[in-house]
Amino acid sequence: MWKDSESNIDYIDFEYIAELVNEIVIDDSLLPASIGVYGDWGSGKSSIMSISQEELCKKDNAALIINFNAWLFEDYGDAKNTVINCILDQIEERIKNKETLKDKFKHLRKSISVFELSTALIKNSSTIISSILNPLNFVGVAQNTSEDIVESIEGIKNRYEAIVSHESLRNDVANFRNDFGKLIEDSDISRVVIYVDEMDRCLPDTILEIFEAMRLFLFNGKVAFVFGADERQIAYAIRQKYSDSIFETEHKINIGKEYLEKIIQYPIRIPTMTVPETEMYLTFLFCSKFLSKEDFQSLKNDCINQFRANTSRFELPDKVAEFTNSNDISNFYSLSRKISYLLNSGLNGNPRQFKRFLNEFEMRKKVAKLKKIEIDEKVLVKMMMLQYVKPNIFADFIELYGKGNLNMCLSLYKTDDEKHEGQVSKKESKTKNNKSNFEKKWDDEWFERWMKEEPSIKEENLEPYFYLSRGTNDVFNYSSNIKLSEPARKIIDAYMGEHDILITRASSEIKNISIVECNLMVDELYNAFITERAKKNINVIKGLVEIALNKRECFGTVLSKLKLIPADSINIAMIVHIDGLKAINEDEINKLISTWENDNLKLKKH
């Protein structure tokens with residue numbers, strides 16, 4: 001199995017992105033700088049940042065590299081000061097043996113203390129003033145000083161104003177920046193590079209505070225901030241913080257996008273993986289488990305060099321024949337080629353989801369071995385793809401298999417070879433008259449292609465594969481073990497809430513979610529409806545409808561869940577929204593509504 005976290009091994013040939021980051025960081029003329037490594041959840045941002053750090057250490061061992069996981073520190077007080085002090089702590093550790101720099105560093109620490117005090121006083125100025133002027137405090141003031149009460153209050157007021165004076169604070173900030181730049185210049189630190197990860201999982205206030213901390217260091221000195229985040233989620237958080245009516249309606253600007261463009265100087269976006277890149281990624285993952293480090297690196301280098309010459313196709317180099325494990329490499333390459341197109345289209349080219357799929361594949365193989373269940377690995381991976389990408393069709397498979405009708409349904413789907421005359425099996429010929437009374441049950445382009453891929457499952461005993469698919473609660477629970485990405489989770493939260501603005505935004509984000517995650521979202525929304533966990537069930541219905549309209553591949557899953565909802569849980573307002581699904585399949589939706597109306601007379605008014 002493979003560790004479900006970032007890696008410093010480049011399995012995708014995305015190392016060039018890390019090199020782009022380092023070219024900016026190494027160029028003193030571009031510092032200070034802010035760099036954004038943008039990509040969807042699971043696209044490889046953390047791995048790219050890890051590779052960047054490793055390569056930067058080789059190029060410049062005098063660089064001070066600081067890692068900051070924004071999400072881990074979110075609940076530990078003021079995020080801005082946490083970032084600032086984290087940076088200063090690392091610098092202090094680096095220069096601890098430099099006696100000539102200790103006084104300069106203490107001065108920096110003192111400046112930060114003044115910032116913290118000033119900021120706190122400014123934020124709470126009204127509370128502090130009212131407290132000072134509260135008559136109940138006069139006695140306490142008089143008891144603690146021999147001066148007149150009025151003079152005492154005046155003295156407190158003057159000192160308070162001196163501390164929170166905006167001019168004074170601006171001067172302190174300017175001095176801090178200059179002193180920080182000089183400290184780095186006088187030390188043996190060539191540059192300070194701060195890698196900030198997981199920002200897109202933070203609350204809007206935390207995100208803005210981290211950016212505020214960054215601004216303190218970005219005006220002087222050899223400093224670079226490298227942010228790994230989903231650009232859309234950061235922009236979304238910023239829009240959450242600021243009023244739409246002020247920034248987006250009146251002035252017609254996207255405040256989230258505008259803010260990011262101003263704060264991030266060098267945006268670098270991770271592209272979605274292509275099918276050939278998926279083939280390469282899966283092949284590398286498989287081979288990394290049985291090749292030595294030296295052989296794996298040699299294979300990877302040869303493959304990448306050959307792939308860069310022709311990025312439209314991934315092939316193994318001729319040198320593979322020289323490896324001791326050449327047969328295993330070829331077999332895994334063949335498997336990767338078979339599944340890459342279907343996985344890539346179903347998972348939106350997301351490497352984290354690919355890795356999770358392979359881990360589940362390995363776990364099922366181990367279960368089969370421990371229980372002495374005979375399986376064909378190629379059939380296993382094919383059935384897993386169906387369950388992973390089209391769970392509603394997989395559920396139909398189990399139901400039809402139990403009734404003995406699965407082979408009849410599958411016989412209507414022919415492979416390319418079977419379309420030629422003379423290649424129809426004798427068994428199919430005998431049932432030709434019976435099949436004429438049937439229509440294809442699943443009108444789905446992805447499924448049609450899945451059926452054509454080898455191996456054929458028409459005469460296969462699928463019971464072991466159904467058995468291995470079962471979860472802790474029911475046969476179809478496999479999907480529930482897959483964690484939703486942050487964007488998908490926010491969409492779910494919106495439809496389970498009651499804020500129309502969040503629901504409108506969520507609707508526009510569905511198109512960016514993979515088919516697999518959309519199916520998982522359907523499951524979660526359905527469960528929320530049945531268990532009445534949502535604040536408004538009509539919003540859950542809106543969510544199911546919007547998923548089907550934005551991802552028509554998920555219509556079958558949505559329809560299957562709607563059919564499970566009891567008629568007495570449906571009202572006329574919900575049916576108004578469900579009517580929108582007639583644009584996909586009017587007959588099925590009319591049948592569904594008719595069934596509900598027969599079971600719930602109140603709906604017939606509709």
Flag the pair Phe227 / Phe211 as yes when their ring centroid distance falls below 6.0 Å, and as no otherwise.
yes
With a 3.5 Å cut-off and no angle check, do the side chains of Trp442 and Asp396 form a donor-acceptor pair?
yes
Could you check whether Arg364 pairs with Glu360 (Lys NZ or Arg NE/NH1/NH2 to Asp/Glu carboxylate O, under 4.0 Å)?
yes
Please report the closest heavy-atom contact between Ile584 and Ala548, naming both atoms and the distance.
CD1-O, 3.5 Å
On a heavy-atom basis, which atom in Ile210 and which in Ala70 lie closest, and how many Å separate them?
CD1-CB, 3.5 Å
Looking at Lys490 and Asp493, does any basic side-chain N land under 4.0 Å from a carboxylate oxygen?
no
Starting from the C-alpha separation in whole Å, work towards a yes-or-no answer on side chain to side chain donor-acceptor pair (under 3.5 Å) for Lys458 and Asn407.
CA-CA 6 Å; Lys458 289 182 179 178; Asn407 283 339; over 6 Å; no
Applying side-chain contact (heavy atoms from CB on, under 4.5 Å), run through Ile48 and Ile270 and close with a yes or a no.
CA-CA 9 Å; Ile48 288 170; Ile270 303 172; 3.5 Å; yes
For Ser345 and Leu342, work out which heavy atoms get closest and say how close.
OG-O, 3.1 Å
Can you pull out every side-chain hydrogen bond (donor to acceptor under 3.5 Å, both in side chains) where at least one residue sits in residues 266-285? Sequence neighbours excluded, please.
Glu231-Arg269, Thr274-Glu277, Thr278-Asn344, Thr283-Ser336
The side-chain hydrogen bond (donor to acceptor under 3.5 Å, both in side chains) partners of Ser507 (sequence neighbours excluded) come to Glu546
Start with the C-alpha gap between Thr557 and Asn392, add the side-chain angles, then the distance that decides, and say whether side chain to side chain donor-acceptor pair (under 3.5 Å) holds.
CA-CA 5 Å; Thr557 306; Asn392 59 309; 3.0 Å; yes
Just to verify, which of Phe466, Tyr401, Phe447, Tyr388 counts as forming a ring pair (Phe, Tyr, Trp, His ring centres under 6.0 Å) with Phe394?
Phe466
Asp599 (side chain) donor-acceptor with Asp568 (main chain) under 3.5 angstrom:
no
Under a plain distance cut-off of 3.5 Å, with no hydrogens placed, do Lys371 and Tyr467 share a side-chain donor-acceptor pair?
yes
Does the distance from a Lys or Arg side-chain N to an Asp or Glu carboxylate O, for Lys378 and Asp376, drop under 4.0 Å?
no
Is there a donor-acceptor pair under 3.5 Å between the side chain of Asn69 and the backbone N or O of Val196?
no
Does the distance from a Lys or Arg side-chain N to an Asp or Glu carboxylate O, for Arg232 and Asp40, drop under 4.0 Å?
yes
Taking all atoms of both residues into account, what is the closest heavy-atom pair of Ser560 and Leu564, and its distance?
O-CG, 3.3 Å
Separation between CD (Glu498) and NZ (Lys536), nearest 0.5 Å, reads 5.5 Å
Under 6.0 Å between ring centres: does that hold for Phe332 and Phe286?
yes
Would you name the heavy atoms of Asn310 and Ser312 that are closest together and state the gap between them?
OD1-OG, 2.6 Å
When you look at Glu509 and Arg505, which way does the salt bridge (charged side-chain N to carboxylate O under 4.0 Å, His left out) test go after all the steps?
CA-CA 7 Å; Glu509 292 292 330; Arg505 288 173 178 164; over 6 Å; no
Residues, nucleotides or ligands: over 12 heavy atoms within 6.0 Å of Lys511 NZ:
yes
Test: Glu588 and Lys563 ion pair at under 4.0 Å:
yes
Using 4.0 Å as the upper bound for N to carboxylate O, is an ion pair formed by Glu453 and Lys338?
no
Apply side-chain contact (heavy atoms from CB on, under 4.5 Å) to the pair Lys382 and Tyr465, showing each step before the final yes or no.
CA-CA 10 Å; Lys382 183 170 183 176; Tyr465 307 98; over 6 Å; no
Could you check whether Lys390 pairs with Asp444 (Lys NZ or Arg NE/NH1/NH2 to Asp/Glu carboxylate O, under 4.0 Å)?
yes
For Ile572 against Lys602, the heavy-atom pair lying closest together
CD1-O, 3.8 Å
